[in-house]
Engineer: 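First the structure, which I've put down as structure tokens, then a few questions once you've had a look.
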Amino acid sequence: MPKNKTIKAGKECRVPIVAILGHVDHGKTTILDRIRESNVQSCEVGGITQKISVFTIDPKGDCKGFITFIDTPGHEAFDLMRTRGGGIADIVLLIVAADDGVKPQTKESIEIIKKSEARPIVVINKCDLPNINIEKVKREIVSNGIEIEGMGGKVPVIEVSGKTGKGIPELLDLINLVVEVEGLKEREKLPRGVLGRAFVLESIQEKSRGNVSTIVLTQGSLCKGSWIGYELNGKLCIERIKGIVSEDGKNLSGLNAGCGGKVLGLGNLLPLGIEVFLLENKDEKLLKENIKQIKINEEIHTDTGDERQDEGLNFFEEIINNKDTKVLKLIIKSSSQGALEAINKSLCKIEEDNCRTEVFDSGVGNITLHNIEEASIAGAIVLGFEVGMETGVKESAYKKKVVVRTYDIIYKLVEEIEEAASSMGVEGVNEEEIGNSTVKMIFTLSDGTKVLGNRVDEGIMKRDCKCYIVHGDDIVAEGKIKSLRKAKNTIVEAKAGEDCGIIMDVNVDEVKEGDKIYCNKVLH
């Protein structure tokens, strides 16, 4: 195979983006090493990919078949990073080891593929090993929801060996064939004055180069000196790109649609998953008016992993609706001892209708995996005030059905726990309207879930509250707000004048644009 070349710029049509998913140690990086004739895998800690990398190659060296690959970590702690990689890809390679079959991260990768619009290709690796049963592996893949060719489905499957190189040229040909036959994912038209869009896959801070962000360009183009705009902590930022380098450190003059690389010289360390925009001029009005609407539309359509947090709300609902529960157990983590004492003092006073709170454990510092273990055993809720979470906490909490809540305002924390305690074991309720909104747009997620895009007219719309959706004089739906989102973030409430996305816990097929939603607080 000719030596691979990293693309710099100069190709008119978009380069296909290919994400690599699969279980740890199933050979994802080894396959990519063989494709680009490098030896990254041997340099990684424990031989396991710890970060996302992106690189664009010309496999045949003829400047006609460029492909961008996103190598994603396989360890379970990096599930969200895999989701980001799979969400922007045109093609997803599901790597399964012939000697190991379908494993936990394989199953998680399959779920990502199911929710993605990307075209999947199943790659069975390590086919050079003795005593393997390829047919058994294929049956496992089919039983987990990927219908492959030769077993009643249409998903291509190929057998390779990253170690020997067997099947790698055929894999590259297959990728190009899928692109040729099925085309690339369509992107929304860029607004006037916007030259390109990109996603941040990784960010690090280096002593010599400062903030370095790994990006993949989904539309348009960029070059050294381009204006890059993004939103960070509610603030719009526009600055010039000071440099672009490839994954292996080579200076690049620019990137075109579908290509990946590292951007240097930004004033901020960009969050993973943030979308950035390449602008013709330093125009904040353009960034605010045109770009923000595109972001909202795409984020509502995109599976960002927040559904897991939404599912956590169901665990919370199960706790407060349990008629046998009279004690709401809590584990509290705070940023300081003073704040911790104030929270403890406020929560210990809560006692509603013979239901009380009990602080099972508390401490200063981030929420840890040990806290999740404790909460799982004790049946407690974990509350955090001005703190973060250790790596893997969200995933562990989801698996163990532990509710984790974080706050930056103490009274919001106390208010929500008061409402939870007052809801436990109480029969016979009254309701009070706390706000209403108008349905402006209706979106459908890839899993069929309907999202109601709203503008809050009066009061507030609050998560977990009861709602009535009214068309004219008729109530067309009645249920609770299962999930409430503002742009990319899952929120607790939206205030008058704000836009938000609402997911209800009931069927909303009869809801139409212009319908009113009335949000009610349950009184006891």
Side-chain angles (χ1 to χ4, degrees), residues 233-234 306 308-322 325-398 400-426 434 460 462-465 481 483-484 486 489-495 521-524:
N233 299 324
D306 288 341
R308 291 196 164 184
Q309 185 174 347
D310 295 341
E311 288 185 47
L313 304 179
N314 295 332
F315 307 153
F316 186 68
E317 189 174 351
E318 288 175 15
I319 293 171
I320 65 176
N321 288 336
N322 187 347
T325 302
K326 296 300 178 183
V327 178
L328 187 58
K329 294 183 179 180
L330 308 170
I331 293 175
I332 306 168
K333 300 301 290 288
S334 175
S335 58
S336 68
Q337 189 63 40
L340 185 63
E341 290 177 2
I343 294 168
N344 276 328
K345 187 175 180 179
S346 298
L347 293 179
C348 286
K349 293 179 181 179
I350 297 175
E351 186 167 343
E352 302 279 350
D353 298 299
N354 298 320
C355 296
R356 61 183 178 84
T357 60
E358 176 187 313
V359 179
F360 181 76
D361 193 12
S362 63
V364 175
N366 289 339
I367 297 170
T368 66
L369 290 169
H370 177 67
N371 296 143
I372 303 303
E373 290 289 345
E374 278 187 317
S376 177
I377 295 170
I381 295 172
V382 181
L383 306 177
F385 175 71
E386 292 185 333
V387 296
M389 303 181 191
E390 279 186 358
T391 300
V393 162
K394 286 186 178 180
E395 191 70 17
S396 178
Y398 172 77
K400 296 180 183 298
K401 294 191 175 183
V402 172
V403 177
V404 179
R405 292 275 207 267
T406 57
Y407 307 81
D408 53 12
I409 301 174
I410 288 181
Y411 85 82
K412 290 286 187 182
L413 182 157
V414 176
E415 181 181 74
E416 185 165 349
I417 298 305
E418 271 184 334
E419 290 182 6
S422 67
S423 299
M424 292 167 60
V426 177
I434 60 173
I460 61 172
K462 194 166 185 179
R463 191 173 63 190
D464 293 331
C465 282
I481 297 179
S483 174
L484 190 63
K486 184 177 181 182
N489 303 314
T490 298
I491 58 176
V492 174
E493 65 182 38
K495 299 176 182 178
K521 179 179 180 180
V522 175
L523 303 176
H524 304 280

Engineer: Are any non-hydrogen side-chain atoms of K394 and M389 less than 4.5 angstrom apart?
Structural biologist: yes
Engineer: Distance from S334 atom OG to I410 atom CD1, nearest 0.5 Å?
Structural biologist: 7.0 Å
Engineer: Does T357 use its side chain to pair, donor to acceptor, with the backbone of L347 at less than 3.5 Å?
Structural biologist: yes
Engineer: Can you see which heavy atom on I491 is nearest to which on K486, and at what distance?
Structural biologist: CD1-CB, 3.6 Å
Engineer: Quick one: CG on D361 to CG on L330, what's the gap to the nearest 0.5 Å?
Structural biologist: 11.0 Å
Engineer: Taking all atoms of both residues into account, what is the closest heavy-atom pair of R463 and T490, and its distance?
Structural biologist: NH1-CG2, 3.5 Å
Engineer: Of I367, V382, N371, which meets side chain to side chain contact (heavy atoms under 4.5 Å, CB included) against V393?
Structural biologist: I367
Engineer: Working to the nearest 0.5 Å, report the span between CD1 of I343 and NZ of K333.
Structural biologist: 12.0 Å
Engineer: Please check this pair: side chain of N366 against backbone of G388, looking for a donor-acceptor N/O pair closer than 3.5 Å.
Structural biologist: yes
Engineer: Any chance you could measure I331, atom CD1, to H370, atom NE2, to the nearest 0.5 Å?
Structural biologist: 8.0 Å
Engineer: Might you point out which heavy atoms bring S335 and V364 nearest each other, and give the distance in Å?
Structural biologist: O-CG1, 3.7 Å
Engineer: Kindly give the heavy-atom pair with the smallest separation between V404 and A397, and that separation in Å.
Structural biologist: CG2-CB, 3.8 Å
Engineer: Measure the spacing between CD of E493 and SG of C465 and express it to the nearest 0.5 Å.
Structural biologist: 9.0 Å
Engineer: Compare every heavy atom of N344 with every heavy atom of S362, then report the nearest pair and how far apart it is.
Structural biologist: OG-ND2, 3.7 Å
Engineer: In Å and rounded to the nearest 0.5 Å, what is the CG to CD1 distance from L328 to I381?
Structural biologist: 4.5 Å
Engineer: Could you report the tightest heavy-atom contact between Y407 and L383, atom names first, then the distance?
Structural biologist: CE1-CD2, 4.1 Å
